[in-house]
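Structure first, commentary second.
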2 protein chains.
Amino acid sequence: MTPATGPPRWRTARQHRGLHAPPFEAIQYSRISITISRATCALIGGLVARRTTVTINDVANEAGVALGTVSNALNHPEKVRPETLKRINEASAKLGYAPNQSARMLAGGQNRSFGLVLPSLEHGISLQIANGANAEAQKHGYGLLIANADNDDILSARYLTYFMGTQMAGILVQPMSVYGWKPSLATPSVPTVYLDFHSSEPGYFVGADNRAQGRLVAQHAIDAGARRIAVFGKDEFEKLGMRIAGVRDIMRTTTGVAFEFIDEGAWNLARDGYSVGYRLAKRPASERPDFIIALSDVLATGAVAGIQAAGLNVPGDIKVAGSDGNPLAWSGNVSLTTIAPPGYEIGRKGVQYLIAQIEENRRAGNAMPTENHQALVRPFLLARASSGEGNATEFADPDLDISGYL
Amino acid sequence: MTPATGPPRWRTARQHRGLHAPPFEAIQYSRISITISRATCALIGGLVARRTTVTINDVANEAGVALGTVSNALNHPEKVRPETLKRINEASAKLGYAPNQSARMLAGGQNRSFGLVLPSLEHGISLQIANGANAEAQKHGYGLLIANADNDDILSARYLTYFMGTQMAGILVQPMSVYGWKPSLATPSVPTVYLDFHSSEPGYFVGADNRAQGRLVAQHAIDAGARRIAVFGKDEFEKLGMRIAGVRDIMRTTTGVAFEFIDEGAWNLARDGYSVGYRLAKRPASERPDFIIALSDVLATGAVAGIQAAGLNVPGDIKVAGSDGNPLAWSGNVSLTTIAPPGYEIGRKGVQYLIAQIEENRRAGNAMPTENHQALVRPFLLARASSGEGNATEFADPDLDISGYL
DNA sequence: TTGAAAGCGCTAACAG
DNA sequence: CTGTTAGCGCTTTCAA
C-alpha cells in the first residue's frame, strides 16, 4: 500500500553488482544462467537455502524448451503439444515456479480477479456480501480478493487505488457512508460497482430494498391476523426509515388494523428491544399490540426476551418479527420471523454487474458508464415461530447446522 | 488467477497500431504525449469518456515536473520539496492517477501487503483470524488482502501461487486440513506462516492450544465445586481429542472428583448436544453429573437446552461449559461459560511471525526457515452463567453490543 | 516449435 | 530538482 522503501526484495545478479555494470559481465551472467538456472544455482550455493526467484527462463531451461513455449503453455496451452506441456509442468513443479503476476499484467495480461473493499468483516451484511460475491466470481472463473478497510475512509480509498493499480478486472466497494462514495470514483479506470448503496448518479449500484422489506413484514403481520401492530426502532437511521416507509405502504392499503410507531430503541442493542418489549407486554390487554415489528433483528430478539420477562408468551400473546435477517441475532429461545439476509444476493448481483460491464467493454470499447444502474435486491420473508409459523419449540432450530461457524 | 487470454484491457497507441509499428510513429506518439497526456486526450476525444490509463508521465506533465520527481514523490517524499509535492498530489488527484502496482513491483519496489488465504468466511475461527491479522498488519503499516478458498484445496493452492506471484511481503494460510499443507509450500519464495495448524516441520506455525483449553475448562469445573464431571464430544476430531487430553491432564492431578467421558455427539450439531444433555439430566440424581464439559460450544448450547427440556436448571442442578468460544453458539437463554475465541490472537501472532521473518531476511539475507517455530495461543476462560458465574439472567448478556453484526 | 526482440509502467541510478 | 536510461519478468509478434 505504502510507497516502496529500502532495497528490493529480490536481487538479481545485475543488482548485486550495481545497476551500471559493464555489458560484458551482464553477458557473462546470462551465459551462466543458460546452463545453470539461478534457482538451481541457489540450491547448490551453500548450506542455507536462499530464497530465489524462479523465472520463466529457468523453467524453459529446465524443460529444455524455448521461453516463448513456456509462455504459451501458460497462456495458450492449446498451442503446445501435450508432451511438451507435460515436460513444462514438471519443470515448473520441480522449481516451484510462480509466474510473476506483476510482469504478466504489465505485459498486457488479463487479471481474472475482482477486488472487494469492505468497511468491516464484523458486519453480517459485509460477510454476506463477501460470500455472495465469492460464489458468483468463482462461478465465472474469477478470483476475488477482499480488503477490510476497518471503517476508515482513507484506508478504503487506498485499497481502491491499490486495486486499480493492480489492474483488477473489476472492483466492488461497500462504501462506509454517503461520504465514502467519492464522485471521483465515478470515473474509475476499472469497472466498479457500489454495494449496499443507493444513488441516482451514473454508475452501477446494488442495494437492499429496505422499503420492500418493510412491506413484506407488514403484510406478513396482517396475514398472520394482527389487529394492533406496533412498529419500533429509531427512524433516524436511513435503513430503518425505509423499512418504516414500507410498513406505511401496507398501512395505507389496509383497513381495520391499527398501527403504532414507536420511534425509540436505537437499532443495535438487544436491551433496547428488551425494554420496549417488556413495556408493551405490561400494558392492559386492551391496549396491548398483538404483533410487534422490530425494525432490526437485534431489537426483535430483545423484544422477545422482554415480553417473556413480562410473563407473556411469544407467539401466543404477542407475535414478533424482525426485519433484517441477522443470523447473529438468533439468541432467543423462540426462532425469529425475519427477512432473509440480503447481503449474499447483493454480492452476487454486484459481480454480475461487473461481468456485464466487462462484456460491454469488450464489445464496444472501454467506456465510462453514462447511465444510472441501481439494482434492488428482492427480499424474502423467513416465517418462523415468533410470528406463529412452524413449531414454537423451546429450543430454536435444533436441526440448524451451524458447523460452519465452529 | 487463470492464465491471461484475449486482448489486453488497456490498449496503448502502440498496441492500436500493432506491435511492430515503425519507430517514426512511435516517436510521433511520444511527442504528442508530451504536450497532451493520454488521459487528457481521452477527455477531449469524444462524447463518450473512454477509460484510459493514467501514467506517471501524465502526472509529471500535468504537474510540470520530471518523471523521476513524481516517482520520488511516491517513494521518497522526503526528497521532494513540499510545494512540488503539493503540485504533484493535485495533479494526480485531478487525473485520478493510480500507480501501476505491477510496474512498481517489477521495477523492484516493496509490496507492503500481506496475503491471507482462508478456507471459508463462514467459520468463526477464520473470521477471527482475518480480523486479528488485519489489526496487526495495519498497526505495522501493511495492507492485508484476503482470499476465500471456499474449502477447495486446488483453489487454495491457486491463491497461494497468485500471492507469491504478486510478490506479497508475506503470506498467511489457514490450511483446510493436514492435506492442505503441501510440503512444497515449506519452501516458498515469500515468508509464509500457517495458521490454526500444528507441525514440527521447519517453518512457522500458529495454532490454538486445544490441550490448554481443555485444562482450563476442567480446572474451572473443579474450582466451581464439581464432584462428577461429564465430558462429551467425539474423540475422533483432532481438536476435540486435544481438549480431552487437557481434561485428562487435570484429572490426573485431582482426587475426589469423578470424570466420565462420553465419546459421542459429533461436534457441530446442537441437537446432538441436546440429546446428550437430556439423557444425562434424566439420570437418577445419584448418577447425574453436576458439571458437563461440552467439547464445543455448539454442543454446549444444545446440552443446556436438553437439560432444561428435562426439567432441570442450569446452573442450579447441572453446570455446563463449552470449550471453544464460538460466539455464534450463544443461542441458549443462559450465557455460556467457555474459552475466549483464539482466532484473533492467531491472526495477530501470524502477522508478527511474518514481520519477524521479514526483518530477519533484511538482516541476514533471504533464507529459508530451517527450524520449526510453533506458536500456541494462550487461551482464556470466559466464566459465565452456565457454570454459576455472574447472574443467570434469563436473557443472556443484555448489554452485549452486537451492532457490528447488523 | 525456436530464437530474438519490443515494450508494458515503473524505480533507481546517474550526470548535470 | 531535470532528463535520460537500464532493466524488472513477462506476453506477443514475427521470421525461421
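Proteins come first, then strands; the chains are lettered A, B, ... in the order of their sequence lines, and each starts at number 1. Since this is a predicted model, take the numbers as computed values, not measurements.
Per the geometry, CZ belonging to A:Arg104 stands 15 Å off P belonging to D:dG9, to the nearest Å. Rounded to whole angstrom, the span from the CE atom of B:Met105 across to the C1' atom of D:dG9 amounts to 12 Å. To the nearest angstrom, P of C:dT11 lies 11 Å from CG of B:Leu106. Here the C1' atom of nucleotide C:dT11 and the CG atom of B:Asn72 are 9 Å apart, to the nearest Å. Straight-line distance from the CD1 atom of A:Ile88 to the C1' atom of C:dT2: 12 Å, rounded to whole Å. The distance from atom CE of A:Met164 to atom P of C:dG9 is 17 Å, rounded to the nearest whole Å. Summarising the geometry, the separation between CG on A:Asn57 and P on C:dA4 is reported as 11 Å, rounded to the nearest angstrom. As a whole-Å value, the separation of A:Gln167 CD from C:dC8 P is 13 Å.
For the pair A:His76 and D:dT11, the criterion of a side-chain N or O lying under 4.0 Å from OP1 or OP2 is not met. For B:Ser71, no side-chain nitrogen or oxygen approaches OP1 or OP2 of C:dC10 to under 4.0 Å. Between A:Tyr97 and the phosphate of D:dC10, there is a side-chain N or O to OP1/OP2 separation shorter than 4.0 Å.
Here B:Thr84 lies in heavy-atom contact (under 4.0 Å) with sugar-phosphate atoms only.
When the nearest nucleotides of DNA chain C are assigned to A:Gly64 and B:Gly68 by heavy-atom distance, the more 5′-ward of the two goes with A:Gly64. If you find the closest nucleotide of DNA chain D to B:Leu67 and to A:Asn100, the one lying nearer the 5' end belongs to B:Leu67.
The side chain of A:Asn75 lies closest to D:dT11 when the candidates are C:dC10, D:dT11, D:dC8. Listed nucleotides D:dC10, D:dC1, D:dC8 differ in distance to A:Ile56; the shortest reach to its side chain belongs to D:dC10. Nearest to the side chain of A:Leu74, among C:dT11, D:dT11, D:dC1, sits D:dT11.
Nearest heavy-atom pair, A:His140 versus A:Arg112, reported as atom, atom and distance to 0.1 Å: O-NH2, 3.3 Å. Nearest heavy atom pair, residue B:Thr84 against residue B:Val80, reads CB-CG1, 3.7 Å.
For B:Tyr204, the ring-ring contact (aromatic ring centres under 6.0 Å, His included) partners two or more places apart in sequence, or in a different chain, are B:Tyr353, B:His373. Every residue two or more places apart in sequence or in another chain was checked for a ring-ring contact (aromatic ring centres under 6.0 Å, His included) with B:Phe163, and none qualifies.
Although no hydrogens or angles enter the test, the distance criterion places no donor-acceptor pair under 3.5 Å between the side chain of A:Tyr97 and the main chain of A:Asn89.
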